[in-house]
Amino acid sequence: MIVDARVLQPEFVPKEVKHRSNKMDILTNALEPVTDGDSGETAMIFGPSGVGKTCISRFVLERLRENAIDIETQYVNAWEDHSRFKLLYRILEGVGKTLDIHRQSTPTDELLERLRNYENGQYVVIIDEVDQLEDKSVLYDLYHIQNLTMVLIGNREEELFSGLDDRLASRLTSCSRIRFEPYSQDGLEAILQDRVRWGLRPETITDDQIATIADAAAGDARKAIGILRQAAKAAHRGQEERITDDIIDEAIPEAASEIRQQSLSKLTQDQRIIYEIIVEEDAIAPKDLYEEYTEQAEQPVSKRMVRNHLDKMQHYNLIEAKGATRDRTYSPSG
DNA sequence: TGTCCACGGGAAAGAAAGGTGG
DNA sequence: CCACCTTTCTTTCCCGTGGACA
């Protein structure tokens, strides 16, 4: 019943863009000068996850490249490359200037110097999850590089501006900002319909079922497509002709746990011990948590390190912290 | 209302890991 | 294979915060 599994993958460059055409226009305008060989305006994109921020940016850049020569583009995820060095390295990678970089003989300033010396036309860089960047001063340096245009993507505006250099912050107040809202019910249904049309055999899913999925996804397209994928896979496994309501009911929690599972697999041994304690206790005070952890771990790490782990797990949305200093508790999220 | 103190998180220092050139 | 350097991870130290408790 699955015709083309690719359209069930979240990365597939989809027709979603048509629901975001006004946002695309703003971004395209900001980057327009690039096609004439000038630097574009720094663009900032904000919005919750699964609303097409990354997707739209990549799409716009792709189209830019098609329409003009001498444009290089690069996509960097600051969640993966969160140090100054890694970020700069990744950016240089996009213009193939990393060949003879030896970490030993190449201080990070040298990386910047190379970017400044890049003369082969305009270079547009998407920096995704920019709030995850630990050293935001690197943005200030990048901002001042000729021929380099940045597209910054983040969840919340305040998070980006906090910890930002004052000088840069004031410059950025004038640059173009684009806010993405969660998809509407109708928008999500249209996106799903589109995927279904290309990815599944006709008649395998009803409009009502699509509406159910869209509703469960709460404005998040990634989640919606995840549910659809789970449902299609389940039906496929069970040799079903079509997707039943029962399959969808099961696919909704499965899609959620799929995301959680992916996060869990990235945890280290220590982090997993901590996570399991929190799940076990449901809500636990920091002190008790650390005591319990020291008992279970063969080589317990310091309190400070446990706090780092807790931070990380909050980022992954695995746990949440409630309360301020004294009455704080940690509990599993969801 | 004032004192106490666990907590979170920043900074510095130390240890480990990863890579290079001899 | 080793000496050496940079980056990354971990620990140690410290201080401001804000509930608890008198």
Side-chain angles (χ1 to χ4, degrees), chain A residues 76-94 96-115 127-142 154-156 158-166 168-169 263-333:
Chain A
V76 187
N77 190 318
W79 172 255
E80 285 152 19
D81 302 306
H82 45 83
S83 74
R84 184 187 175 89
F85 183 88
K86 275 196 172 174
L87 185 82
L88 288 174
Y89 189 90
R90 193 68 71 198
I91 291 173
L92 273 170
E93 209 171 55
K97 288 244 180 184
T98 55
L99 286 179
D100 56 340
I101 286 185
H102 310 312
R103 302 164 79 148
Q104 176 182 7
S105 59
T106 314
T108 40
D109 286 349
E110 167 74 18
L111 302 188
L112 265 180
E113 204 50 43
R114 284 190 198 211
L115 272 178
I127 305 179
D128 205 346
E129 310 212 37
V130 68
D131 34 305
Q132 297 300 327
L133 213 54
E134 51 192 46
D135 178 15
K136 286 177 182 159
S137 68
V138 68
L139 295 177
Y140 181 78
D141 296 320
L142 289 171
N155 286 117
R156 294 218 324 270
E158 313 83 69
E159 266 172 57
L160 170 59
F161 276 94
S162 75
L164 207 62
D165 185 296
D166 285 345
L168 181 57
S263 307
L264 277 176
S265 68
K266 292 181 193 161
L267 296 184
T268 64
Q269 181 74 32
D270 279 315
Q271 290 164 351
R272 197 156 311 174
I273 292 174
I274 296 167
Y275 177 72
E276 313 238 300
I277 293 171
I278 294 174
V279 169
E280 178 82 13
E281 299 290 323
D282 200 45
I284 187 166
K287 197 179 180 183
D288 301 337
L289 175 61
Y290 188 70
E291 275 170 21
E292 184 65 31
Y293 158 77
T294 20
E295 270 181 40
Q296 291 192 23
E298 289 176 26
Q299 283 180 294
V301 294
S302 66
K303 274 186 186 167
R304 185 66 183 84
M305 203 55 217
V306 168
R307 287 205 292 275
N308 285 344
H309 291 330
L310 288 167
D311 269 352
K312 185 167 181 185
M313 288 191 274
Q314 283 184 67
H315 270 135
Y316 281 135
N317 262 321
L318 289 169
I319 61 169
E320 51 195 32
K322 290 193 194 81
T325 52
R326 276 308 250 286
D327 62 341
R328 170 165 283 221
T329 59
Y330 291 100
S331 39
S333 56

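On a predicted model such as this, the values are computed, not experimentally measured, just so you know. Naming convention: chains lettered A, B, ... in sequence-line order (proteins, then strands); numbering from 1 in each chain.
To the nearest 0.5 Å, the span separating CD1 on A:Ile127 from CD1 on A:Ile91 amounts to 4.5 Å. In this structure, the separation between OG1 on A:Thr329 and CD on A:Glu320 is 9.0 Å, given to the nearest 0.5 Å. Once rounded to the nearest 0.5 Å, the distance linking NZ of A:Lys303 with CG of A:Leu289 reads 11.0 Å.
A:Tyr293 and A:Val301 get closest at one heavy-atom pair: OH-N, 2.9 Å. Here the closest non-hydrogen pair linking A:Asp282 and A:Pro332 is O-CD, 3.2 Å. Considering all non-hydrogen atoms of both residues, A:Ser331 and A:Ala283 come closest at CB-CA, 4.2 Å.
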- Under the side-chain contact (heavy atoms from CB on, under 4.5 Å) criterion, do A:Tyr330 and A:Gln314 qualify, and how do the steps go? CA-CA 10 Å; A:Tyr330 291 100; A:Gln314 283 184 67; 3.9 Å; yes

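In this structure a side-chain-to-backbone donor-acceptor pair under 3.5 Å is present from A:Arg272 to A:Leu267. A:Arg328 contributes no side-chain N or O that, together with a main-chain N or O of A:Ala285, makes up a donor-acceptor pair within less than 3.5 Å.
Sorted by residue number, the members of residues 304-313 of chain A with any non-hydrogen atom under 4.0 Å from DNA chain C read A:Arg304, A:Met305. For residues 268-303 of chain A, proximity to DNA chain B is found at A:Pro286, A:Lys287, defined as any non-hydrogen atom under 4.0 angstrom from a strand atom.
Note on A:Tyr330: a side-chain N or O is less than 4.0 Å away from OP1 or OP2 of B:dG8.
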- Message: One character per nucleotide, please: for nucleotides 17-22 of chain C, 5' to 3', B when the base has a protein heavy atom closer than 4.0 Å, S when only the sugar-phosphate does, - otherwise.
- Response: BBBS--

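Counting heavy atoms from C-beta outward, A:Asp270 and A:Val306 have side chains that stay 4.5 Å or more apart.
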